[in-house]
Colleague: 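I am attaching a structure below and will ask some questions about it afterwards.
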Amino acid sequence: MNGTMFRNDAMTDALRLAAETGEAGEVPVAAIITDSAGEVIAMAGNRVERDHDPSAHAEILAIRQAAAIMGSARLNDCDLWVTLEPCAMCAAAISHARIRRLYYGADDPKSGGVAHGARVFSHATCHHKPEVYSGIGAEQSAALLKDFFARRR
């Protein structure tokens, strides 16, 4: 992957937000959306427990925020950075929002919807397939998740 293609600091920011999200009692996953210039336009951590909303995943919340800011449901020139492989619900939302590039940290063999499970972007009926880059900040993201669930047991 070409180093000029992405801003590693976006994933650093996402990891920091994921840690804060975990401290708040949510599964420590965070998402950041950057515009075509690489500027952050939206960020969110999971809020499933706080909002009592099973759809309040970081990716969904960030997409909603970015769409409101951009004044469009289509985020064609935007990139999404998320600390964990998106689930099928989030992958479908990424497709519908026409996100240009998806960067994610840790793989999610159990609930992932990109490289695992439903593999949403590989279906012929998928509306839009973003460029996908995985493994960015994967070790840090996996450690956040492992520590979070170890504390809950």
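The structure displayed is predicted, hence computed values, not measured ones. Hydrogens, waters and symmetry mates play no part in the numbers below; they use all other heavy atoms, side chains included.
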Colleague: When rounded to the nearest 0.5 angstrom, what is the spacing between CD in E139 and CG in L144?
Modeller: 12.0 Å
Colleague: Which value, rounded to the nearest 0.5 Å, describes the distance between S134 atom OG and L84 atom CG?
Modeller: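 Output value for this atom pair is 11.5 Å.
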Colleague: Pairs of donor and acceptor atoms involving the side chains of residues 71-78, under 3.5 Å and at least two apart or interchain, shall be tabulated with distances.
Modeller:
from, atom 1, to, atom 2, distance (Å)
S72, OG, R74, N, 3.0
S72, OG, R74, O, 3.2
R74, NH1, H96, O, 3.3

Colleague: By salt bridge (charged side-chain N to carboxylate O under 4.0 Å, His left out), which residues pair with R100, not counting sequence neighbours?
Modeller: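 Counting only residues at least two positions away or on another chain, R100 forms a salt bridge (charged side-chain N to carboxylate O under 4.0 Å, His left out) with D79.
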Colleague: According to side-chain contact (heavy atoms from CB on, under 4.5 Å), who are the partners of Q65, at least two apart in sequence or on a separate chain?
Modeller: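 Q65 satisfies side-chain contact (heavy atoms from CB on, under 4.5 Å) with A42, I69 only.
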Colleague: Which atom pair, heavy atoms only, marks the closest approach of A91 to P86?
Modeller: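 The answer is N-CB, 4.1 Å.
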Colleague: Is there a donor-acceptor pair under 3.5 Å between the side chain of E131 and the backbone N or O of L102?
Modeller: no
Colleague: Tell me whether K129 at atom NZ has more than 12 heavy atoms from other residues, nucleotides or ligands lying less than 6.0 Å away.
Modeller: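 Yes, NZ of K129 has more than 12 neighbouring heavy atoms, counting only those of other groups under 6.0 Å.
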Colleague: Does the pair L145 and V29 meet the rule for a side chain to side chain contact (heavy atoms under 4.5 Å, CB included), with working shown?
Modeller: CA-CA 8 Å; L145 290 159; V29 176; 4.2 Å; yes
Colleague: Applying side-chain contact (heavy atoms from CB on, under 4.5 Å), can you list everything that pairs with M89, at least two apart in sequence or on another chain?
Modeller: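 Only S55, H57, I60, C87 meet the side-chain contact (heavy atoms from CB on, under 4.5 Å) criterion with M89.
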Colleague: How long is the span from the CD1 atom in I33 to the CE atom in M70, to the nearest 0.5 Å?
Modeller: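 Output value for this atom pair is 10.0 Å.
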Colleague: Any pair with a residue in residues 14-25 that passes side-chain hydrogen bond (donor to acceptor under 3.5 Å, both in side chains), sequence neighbours left out, goes on the list, sorted by first then second residue, please.
Modeller: D13-R16
Colleague: Within the structure provided, determine whether V132 and Y103 are in side-chain contact (heavy-atom separation under 4.5 Å).
Modeller: no
Colleague: Return the set of residues passing side chain to side chain donor-acceptor pair (under 3.5 Å) with D35 (not counting sequence neighbours), or none when no residue passes.
Modeller: none
Colleague: Linking I/L/V/M/F/W/Y whenever their side-chain heavy atoms sit closer than 4.5 Å, directly or via other members, would V40 and I136 fall into one cluster?
Modeller: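 In one cluster: yes.
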Colleague: Got a second to check how far Q140's CD is from L15's CG, nearest 0.5 Å?
Modeller: 5.5 Å
Colleague: I need the minimum non-hydrogen distance between L61 and A44, along with the two atoms involved.
Modeller: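 The pair with the smallest heavy-atom distance is CB-CB, 3.6 Å.
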Colleague: Can you list everything that forms a side-chain contact (heavy atoms from CB on, under 4.5 Å) with A142? Sequence neighbours excluded, please.
Modeller: A106
Colleague: Please enumerate all residues that pass salt bridge (charged side-chain N to carboxylate O under 4.0 Å, His left out) together with D147, with sequence neighbours excluded.
Modeller: none
Colleague: Could you tell me the separation between the CH2 atom of W81 and the CG atom of L17, rounded to the nearest 0.5 Å?
Modeller: 15.0 Å
Colleague: Working to the nearest 0.5 angstrom, can you tell me the gap between M11 CE and T83 OG1?
Modeller: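 The CE atom of M11 sits 7.0 Å away from the OG1 atom of T83.
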Colleague: Kindly give the heavy-atom pair with the smallest separation between T34 and G38, and that separation in Å.
Modeller: CG2-O, 3.7 Å
Colleague: Are side-chain heavy atoms of Y104 and V114 found at a separation under 4.5 Å?
Modeller: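 In short, these two side chains touch, coming nearer than 4.5 Å.
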Colleague: Check A30 against A18 and note the closest heavy-atom contact, atom names and distance.
Modeller: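 For A30 and A18, the tightest heavy-atom pair comes out as CB-N, 3.4 Å.
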Colleague: Using modelled atom types only, decide if a donor and an acceptor are shared between the side chain of E59 and the backbone of A31 within a distance under 3.5 Å.
Modeller: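 Absent.
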Colleague: Do L80 and I41 land in one hydrophobic cluster if side-chain heavy atoms of ILVMFWY residues count as linked below 4.5 Å?
Modeller: yes
Colleague: Is the shortest side-chain heavy-atom distance between I94 and I63 below 4.5 Å?
Modeller: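 Yes, side chains in contact.
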Colleague: Are side-chain heavy atoms of V48 and V27 found at a separation under 4.5 Å?
Modeller: no
Colleague: Test of understanding: with side-chain contact (heavy atoms from CB on, under 4.5 Å), list the residues that count as partners of D51, not counting sequence neighbours.
Modeller: R47, D53, A56
Colleague: Considering non-hydrogen atoms only, spot the tightest contact between F148 and P28 and give its length.
Modeller: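 Between these two residues, the closest heavy atoms are CG-CD, 3.5 Å.
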Colleague: Please, which pairs that meet side-chain hydrogen bond (donor to acceptor under 3.5 Å, both in side chains) have at least one residue in residues 110-128, sequence neighbours excluded?
Modeller: E85-H116
